[in-house]
2 protein chains.
Amino acid sequence: MNTNFDLENFILDFSNSCQKKQKKVFGKNEVVTTYIKNRNQLCILLDGHADLVRYDLNGNRTIVEHFSKNSLFGEVFYTITTNNELLVEAKSNCTVLFYTYDDIFHKCRNNCKFHQTLSENLPQLILNKVTDLNMRIELLTKRSTRDKLLGYFSLRSTRTLSKSFELPFSLTDLADYLSVDRSAMMRELKLLKEDGFIEKIGNRIILLYK
Amino acid sequence: MNTNFDLENFILDFSNSCQKKQKKVFGKNEVVTTYIKNRNQLCILLDGHADLVRYDLNGNRTIVEHFSKNSLFGEVFYTITTNNELLVEAKSNCTVLFYTYDDIFHKCRNNCKFHQTLSENLPQLILNKVTDLNMRIELLTKRSTRDKLLGYFSLRSTRTLSKSFELPFSLTDLADYLSVDRSAMMRELKLLKEDGFIEKIGNRIILLYK
DNA sequence: TATTTTCCGTTGCAAAAGCAACACATTATG
DNA sequence: CATAATGTGTTGCTTTTGCAACGGAAAATA
């Protein structure tokens, strides 16, 4: 079920076979792209970490998505419904490929190998994205901060195959990701410790239940 | 950007060209499928409406997704992370095509026209799904019930191209969809009326702002 | 290494949301 | 058409969450 398609290797071919400088590198905290002026953009993160963030009118910051190696993002995945600006911020050094919708979904005029391979593997890459989004929705529909935290920890646990794992986020970012107030989340975190559900050592969470 | 691909027409070919009885019809309130025993299932809703619902341990019901014509759903879009049972319930008479992951992502052994056409159009169909999920996430990340309601109304408004539209949900279902308590939502709805943001006549919402 | 910036942890208080219960309306169904 | 089931609208009370503020820890930067 998972992508066996090796993007990195594949990119080696590409750099000669396909046009223009669509590949760019970003440093930490740089803005990779915004979802306002780049209609129909589709991006592939080859390396690094980045977040899609939104600031609403009340100043709340939300981490809408978190991207890592092989993540797809860009405006193609959004309709023009939002009023708030969405922007992708690099959280570490990032290497990103940029395309437009037409580049990818229509045949390349040169019929190059790159585009062929890419379009063969695209459904799988998008499918991975869909499963990520569904997990996200499952978290967000939990009714309480406690359930969101436990749900998130449980996901990390199954993903790392261990009851003990590092948080890939700062706690501040985690709150923005779960869409809750940070101090309220901290309070709940404390209660979870007191109630014997978890242990927290530095950045590491240990699940004590089941 | 939107799907021009006409599924219905396309299905006419299919019924002769492809194997087995993968097409089924369901009546209202019937369970179309569950996300537990049917590993790797992928379904296409040809006609009707259906909801993906989850009941959590506290008895809360959540409408995880709402499907209409041409929606894709099924376990391929989920990883095995959830503990709660997910089930798809028909909200009206539904016609559904059933596949497995392999059926669609690998070439059909018969190399039939049906599978060829489907796999050509699949990226677009999945892309539509992704934009739906992203809208959903945007709603769920809103911090207050008021913002969720206004966000939802705004989506309906842009989708119907009108400030006045029917709710496709009962209010009970809307609460489950926005993942909030029904009575709290009703209260907020009343406040929105009092504050002059909306008018509500029967099942119809009229936006009064901007 | 000194200093600035970000992050963590905590708290009191206010606001929002959830829960439970009920009456009434509307819609299905025998 | 009678009756049951489901949906709407409301309210009092409780619990949870958000907000604002602060001190100290840790990390980044000059």
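Atoms considered below: every heavy atom in the structure, side chains included; atoms not considered: hydrogens, waters and symmetry mates. To find a chain, count down the sequence lines: A is the first, B the second, and so on, and within it residues start at 1.
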(request) Return the value, rounded to whole Å, for the distance between atom CD of A:Glu188 and atom P of C:dT11. (result)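 Rounding to the nearest Å, CD of A:Glu188 and P of C:dT11 are 15 Å apart.
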
(request) Would you mind reading off the distance between A:Met185 atom CE and C:dT10 atom P, rounded to a whole angstrom? (result) 12 Å

(message) The criterion is side chain to side chain contact (heavy atoms under 4.5 Å, CB included); which residues satisfy it with B:Lys148, sequence neighbours excluded?
(response) B:Lys142, B:Leu178, B:Val180

(message) Among residues at least two apart in sequence or on other chains, which ones pass side chain to side chain contact (heavy atoms under 4.5 Å, CB included) with A:Arg182?
(response)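 Residues passing side chain to side chain contact (heavy atoms under 4.5 Å, CB included) with A:Arg182: A:Thr172, A:Ala175, A:Met186.
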
(request) Give the B/S/- string for nucleotides 19-26 of chain D, one per nucleotide from 5' to 3', where a protein heavy atom under 4.0 Å of the base yields B, of only the sugar-phosphate yields S, and otherwise -. (result) BBB-----

(message) Students often mix this up, so state it plainly: with edges at 30° and 60°, are the rings of A:His66 and A:Phe169 parallel, tilted or perpendicular?
(response) perpendicular

(request) On the 0 to 90° scale, with breaks at 30° and 60°, tag the B:Phe165-B:Phe153 ring pair as parallel, tilted or perpendicular. (result)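 Answer is tilted, since the angle falls between 30° and 60°.
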
(request) Just report the end-to-end axis angle for the helix from C:dT1-D:dA30 to C:dG30-D:dC1, five pairs per end, to 10 degrees. (result)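 If I round to tens, the end axes sit 60° apart.
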
(message) Quiz question: by atom type and distance under 3.5 Å, do the side chains of B:Arg54 and A:Thr141 form a donor-acceptor pair?
(response)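 Yes - a donor-acceptor pair under 3.5 Å links their side chains.
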
(request) Could you verify whether a donor N or O on one side chain and an acceptor N or O on the other, from A:Thr33 and A:Gln41, lie under 3.5 Å apart? (result) yes

(request) Please say whether the positively charged group of A:Lys129, taken as NZ for Lys or CZ for Arg, lies over the ring of A:Phe77, i.e. under 6.0 angstrom from the six-membered ring centre and within 45 degrees of the axis. (result) yes

Show me the donor-acceptor pairs within less than 3.5 Å that the side chains of residues 190-199 of chain A make with the rest of the protein, sequence neighbours left out.
residue, atom, partner, partner atom, Å
A:Asp195, OD2, A:Arg146, NH1, 3.4
A:Asp195, OD2, A:Arg146, NH2, 2.9

(message) Does this structure show an ion pair linking B:Glu166 with B:Arg156, if we count only N-O contacts that are shorter than 4.0 Å?
(response)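 No.
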
(message) Below the 4.0 Å mark, does C:dC7 have OP1 or OP2 next to a side-chain nitrogen or oxygen of A:Thr172?
(response)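 For A:Thr172, the contact criterion (side-chain N or O under 4.0 Å from OP1 or OP2 of C:dC7) is not met.
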
(message) For a quick test of reading the model: is some side-chain N or O of A:Ser144 closer than 4.0 Å to OP1 or OP2 of D:dT16?
(response)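 Result: no.
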
(request) List in numerical order all residues of residues 189-205 of chain B for which some heavy atom is under 4.0 Å away from an atom belonging to DNA chain D. (result)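 Residues of residues 189-205 of chain B that come under 4.0 Å of DNA chain D are, in numerical order, B:Lys190, B:Lys200.
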
